[in-house]
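Just so we're clear, the structure is a prediction, and the values are computed from it rather than from any experiment. As a basis for the values below, the full set of heavy atoms in this structure was taken, side chains included, without hydrogen atoms, waters or symmetry mates.
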Amino acid sequence: MTHFMLAHTSADSGTLQEMLLNPGAVGFCTSEGWVRQTNDGRLVSAIEYEAFAPLATSERQAILNKALAQCDITATCTIHRTGHLPVDDLAVWNGVAAPHRDAVFRGCHHIIEEARRRVSGHQGVDVTGRQCPSDIVGKRGP
């Protein structure tokens with residue numbers, strides 16, 4: 001079972017976790033991505049996420065389906081926010097349930113790395129409120 005959602009408002013992680021409950025799973029692993037204050041040494045006050053919903057949904061669903069097929073997991077759920085997200089706001093939430101602990105971590109890692117590689121679409125807002133070039137916030141941090 002896989003779920004992917006684009007959301008313009010915050011999501012409750014407890015509700016998302018409940019979507020992963022499965023009697024065949026030993027547990028679950030989550031990863032939350034938050035908007036950080038700096039990138040490449042420059043202050044950022046927010047990120048603007050945009051998404052073309054049909055493409056974002058099909059790409060993310062493909063990533064989740066691949067994780068389900070390759071990582072021995074039973075369920076996965078991802079929510080990705082859109083719109084204006086200030087520093088410390090939740091930008092993305094990934095959750096994975098599996099019958100074995102190792103598969104839980106492998107599945108979550110697979111989803112994170114595939115999304116970083118295949119899906120992108122944010123623009124920074126510097127501390128003065130101006131839009132930043134995408135290379136300011138688009139580079140992957142450590």
Side-chain angles (χ1 to χ4, degrees), residues 1-127 130-142:
M1 166 182 60
T2 65
H3 297 282
F4 170 70
M5 297 164 276
L6 286 172
H8 200 66
T9 59
S10 293
D12 175 59
S13 59
T15 301
L16 295 170
Q17 178 184 339
E18 287 177 14
M19 296 175 74
L20 298 172
L21 291 176
N22 183 309
V26 70
F28 78 101
C29 176
T30 63
S31 169
E32 293 185 354
W34 305 314
V35 177
R36 64 181 169 205
Q37 184 178 22
T38 61
N39 196 313
D40 288 340
R42 294 185 66 180
L43 289 177
V44 175
S45 63
I47 287 181
E48 297 283 342
Y49 274 105
E50 294 182 357
F52 177 63
L55 181 58
T57 300
S58 67
E59 279 294 304
R60 283 293 194 147
Q61 195 61 52
I63 291 168
L64 299 182
N65 289 340
K66 184 176 177 183
L68 198 62
Q70 293 183 352
C71 299
D72 193 29
I73 60 179
T74 56
T76 182
C77 176
T78 294
I79 185 166
H80 201 293
R81 301 277 307 285
T82 57
H84 183 86
L85 282 65
V87 168
D88 294 334
D89 207 353
L90 178 70
V92 63
W93 187 94
N94 295 296
V96 173
H100 304 286
R101 287 181 296 272
D102 185 52
V104 173
F105 294 112
R106 280 187 292 112
C108 202
H109 184 261
H110 171 85
I111 290 167
I112 294 164
E113 291 305 311
E114 282 293 301
R116 289 178 81 178
R117 187 176 67 79
R118 294 171 56 174
V119 183
S120 182
H122 63 276
Q123 179 77 21
V125 178
D126 73 12
V127 293
R130 294 180 311 216
Q131 292 289 335
C132 299
S134 59
D135 66 336
I136 291 174
V137 295
K139 292 180 181 174
R140 305 286 192 258

Can you pull out every side-chain hydrogen bond (donor to acceptor under 3.5 Å, both in side chains) where at least one residue sits in residues 24-33? Sequence neighbours excluded, please. E32-W34

Heavy-atom pair of closest approach, residues L20 and C77: CD2-N, 3.7 Å

Is there side-chain contact between Q37 and V44, with at least one heavy-atom pair below 4.5 Å? no

Could you give me the CA-CA distance, side-chain angles and deciding distance for W93 and H80, then say whether side-chain contact (heavy atoms from CB on, under 4.5 Å) is met? CA-CA 7 Å; W93 187 94; H80 201 293; over 6 Å; no

Going by side-chain hydrogen bond (donor to acceptor under 3.5 Å, both in side chains), name the pairs with one or both residues in residues 13-22, residues two or more places apart or in two chains. D12-T15

By side chain to side chain donor-acceptor pair (under 3.5 Å) - contacts of H8 (at least two apart): T82

Closest approach of A91 to Y49 (non-hydrogen atoms, all atoms of both residues): CB-CE1, 3.8 Å

Are the side chains of I73 and V104 in touch, meaning some heavy atoms are under 4.5 Å apart? no

Report the C-alpha distance between I79 and L16 in whole Å, list the side-chain angles of each, state the deciding distance to 0.1 Å, and finish with yes or no for side-chain contact (heavy atoms from CB on, under 4.5 Å). CA-CA 9 Å; I79 185 166; L16 295 170; 3.6 Å; yes

Salt bridge (Lys or Arg N to Asp or Glu O under 4.0 Å) contacts touching residues 82-92 (sequence neighbours left out): R81-D89

Rounded to the nearest 0.5 Å, how far apart are CG of L21 and CE of M1? 8.5 Å

Sidechain-backbone polar pair: S58 side chain, L55 backbone, donor-acceptor under 3.5 Å: yes

Distance col, row E114:CD vs E59:CD, nearest 0.5 angstrom, shows 9.5 Å

Interatomic spacing from CD1 in I112 to SG in C29 - rounded to 0.5 Å: 7.0 Å

With sequence neighbours excluded, residues passing side chain to side chain donor-acceptor pair (under 3.5 Å) with T76: none

Euclidean distance, E113 CD relative to R117 CZ, rounded to 0.5 Å: 10.0 Å

Just how far is it from atom NE2 of H110 to atom CG of L68, taken to the nearest 0.5 Å? 10.0 Å

Holding to side chain to side chain donor-acceptor pair (under 3.5 Å), I want the full list of residues that pass it with Q61, two or more places apart in sequence or in another chain. T2, N65

So which atom in H84 and which in A46 form the shortest heavy-atom distance, rounded to 0.1 Å? CE1-CB, 3.4 Å

Minimum heavy-atom separation for A103 to D72, with atom names? CB-O, 3.5 Å

Shortest non-hydrogen contact from G107 toward A67: O-CB, 4.5 Å

Nearest 0.5 Å, please: how far is CG in N94 from CZ in R60? 6.0 Å

